[in-house]
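First the structure, in the form of structure tokens, and then the observations on it.
These values consider heavy atoms only, across backbone and side chains, with no hydrogens, waters or symmetry-generated copies. Position 1 is the first residue of the sequence; numbering continues from there.
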Amino acid sequence: PSFSYFPFSSAPKKAKRRQQQGEGGSSNVFSMFEQSQIQEYKEAFTIIDQNRDGIISKDDLRDVLATMGQLNVKNEELEAMVKEASGPINFTVFLTMFGEKLKGADPEDVIVSAFKVLDPEATGFIKKEFLEELLTTQCDRFTAEEMTNLWAAFPPDVAGNVDYKNICYVITHGEDKEE
């Protein structure tokens, strides 16, 4: 596993703590992100930094993974995650790591990869009921009207399967894909 293992956009909102942006040397990493994105990463960093010392350590990772239900993470896996950084992981280093991961990533591939987590058999489809439950109960919850609009734009097949690759294409290209 790596830092990309953490689903940050779904991180719960926690109390915000002040962090010096100048930590870890000056860098232009803050210009890579919108202010709202920096705030989301800041909240994620604060959640992962379990002991609130401003540095993400193996113990912090072990603790936050345990809160996500990952109880038997090997020490080598934690070591590998921490070694993805060239030194101590303060907020600036954390943001830089994500900037490097996202640089050159095709948005469509990123979104398809997120859906693939929900499709362990790699069918290219997700059950309508499952997707609707996720979208209406997690994170930025969809309203009934938003769900109606989603199903109007991307109707499931007769078996109740939703073609998530088509959804990803439309999200990133803005038009329906011709089959």
Side-chain angles (χ1 to χ4, degrees), residues 1-14 32-48 50 56 60-78 80-81 84 94-95 97-179:
S2 72
F3 271 99
S4 53
Y5 178 85
F6 293 98
F8 291 119
S9 58
S10 63
K13 306 295 181 218
K14 294 272 189 193
M32 290 177 60
F33 299 100
E34 302 284 327
Q35 195 56 46
S36 61
Q37 292 174 303
I38 292 172
Q39 187 57 42
E40 282 191 27
Y41 281 114
K42 172 50 117 184
E43 290 172 17
F45 180 87
T46 302
I47 291 166
I48 297 171
Q50 294 275 299
I56 294 175
D60 291 327
L61 291 173
R62 184 185 320 281
D63 292 347
V64 78
L65 286 167
T67 66
M68 295 168 56
Q70 300 289 322
L71 301 174
N72 297 317
V73 182
K74 292 184 177 81
N75 210 41
E76 300 80 55
E77 293 176 290
L78 297 171
M81 285 187 219
E84 286 185 43
F94 181 77
L95 201 59
M97 291 170 75
F98 277 95
E100 288 169 357
K101 290 240 186 256
L102 295 172
K103 206 183 306 176
D106 176 11
E108 186 174 2
D109 290 343
V110 171
I111 298 169
V112 168
S113 294
F115 272 106
K116 282 182 178 176
V117 171
L118 307 172
D119 180 23
E121 275 84 54
T123 62
F125 295 93
I126 297 175
K127 286 290 181 194
K128 174 187 183 242
E129 295 77 24
F130 178 59
L131 186 57
E132 187 161 336
E133 181 183 343
L134 286 175
L135 293 175
T136 57
T137 63
Q138 307 294 316
C139 304
D140 295 331
R141 296 181 174 104
F142 276 44
T143 64
E145 181 183 4
E146 288 170 324
M147 290 311 305
T148 301
N149 293 341
L150 177 67
W151 301 140
F154 304 102
D157 66 17
V158 291
N161 296 311
V162 178
D163 177 357
Y164 62 81
K165 290 179 181 171
N166 186 41
I167 294 173
C168 296
Y169 182 88
V170 173
I171 288 170
T172 56
H173 295 85
E175 59 192 54
D176 207 353
K177 181 165 63 174
E178 297 300 315
E179 291 297 317

Taking all atoms of both residues into account, what is the closest heavy-atom pair of [X] and [Y], and its distance?
| X | Y | result |
| --- | --- | --- |
| Ile111 | Cys168 | CG2-SG, 3.3 Å |
| Thr67 | Val64 | OG1-O, 2.6 Å |
| Met97 | Met81 | CE-O, 4.5 Å |

Any chance you could measure [X], atom [atom1], to [Y], atom [atom2], to the nearest 0.5 Å?
| X | Y | atom1 | atom2 | value |
| --- | --- | --- | --- | --- |
| Ile48 | Asp60 | CD1 | CG | 9.0 Å |
| Ile56 | Gln50 | CD1 | CD | 10.0 Å |
| Leu131 | Leu135 | CG | CG | 4.5 Å |
| Met32 | Gln37 | CE | CD | 9.5 Å |

[X] vs [Y] side-chain heavy atoms within contact, under 4.5 Å:
| X | Y | answer |
| --- | --- | --- |
| Asn166 | Phe154 | yes |
| Gln70 | Val73 | yes |
| Thr136 | Met147 | yes |
| Tyr169 | Val112 | no |
| Leu150 | Glu146 | no |
| Asp163 | Asp157 | no |
| Ile171 | Glu108 | no |
| Tyr164 | Lys116 | yes |

*Between Asn75 and Arg62, is a side-chain contact (heavy atoms from CB on, under 4.5 Å) present by the stated rule, with each step listed?*
CA-CA 9 Å; Asn75 210 41; Arg62 184 185 320 281; 2.9 Å; yes
*Decide if atom CG of Asn72 counts as having more than 12 heavy atoms of other residues, nucleotides or ligands within a radius under 6.0 Å.*
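Open.
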*Does Glu43 reach the main-chain N or O of Glu40 with its side chain, forming a donor-acceptor pair under 3.5 Å?*
no
*Donor-acceptor pair, Asp119 side chain versus Gly124 backbone, under 3.5 Å?*
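Side chain of Asp119 to backbone of Gly124: a pair is present.
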*Working for side-chain contact (heavy atoms from CB on, under 4.5 Å), residues Lys42 and Thr46*: CA-CA 6 Å; Lys42 172 50 117 184; Thr46 302; 3.9 Å; yes
*Do the ring centers of Phe45 and Tyr41 come within less than 6.0 Å of each other?*
no
_Working note: Leu118 + Leu134, criterion side-chain contact (heavy atoms from CB on, under 4.5 Å); need CA distance, chi angles, decisive distance, verdict._
CA-CA 10 Å; Leu118 307 172; Leu134 286 175; 3.7 Å; yes
*Checking side chain to side chain contact (heavy atoms under 4.5 Å, CB included) against Val162, which of Trp151, Phe130, Phe125 comes through?*
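The side chain to side chain contact (heavy atoms under 4.5 Å, CB included) with Val162 is passed solely by Trp151 among Trp151, Phe130, Phe125.
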*Report yes or no: do Lys127 and Asn161 form a side-chain donor-acceptor pair below 3.5 Å?*
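Judged by distance alone, the side chains do pair up.
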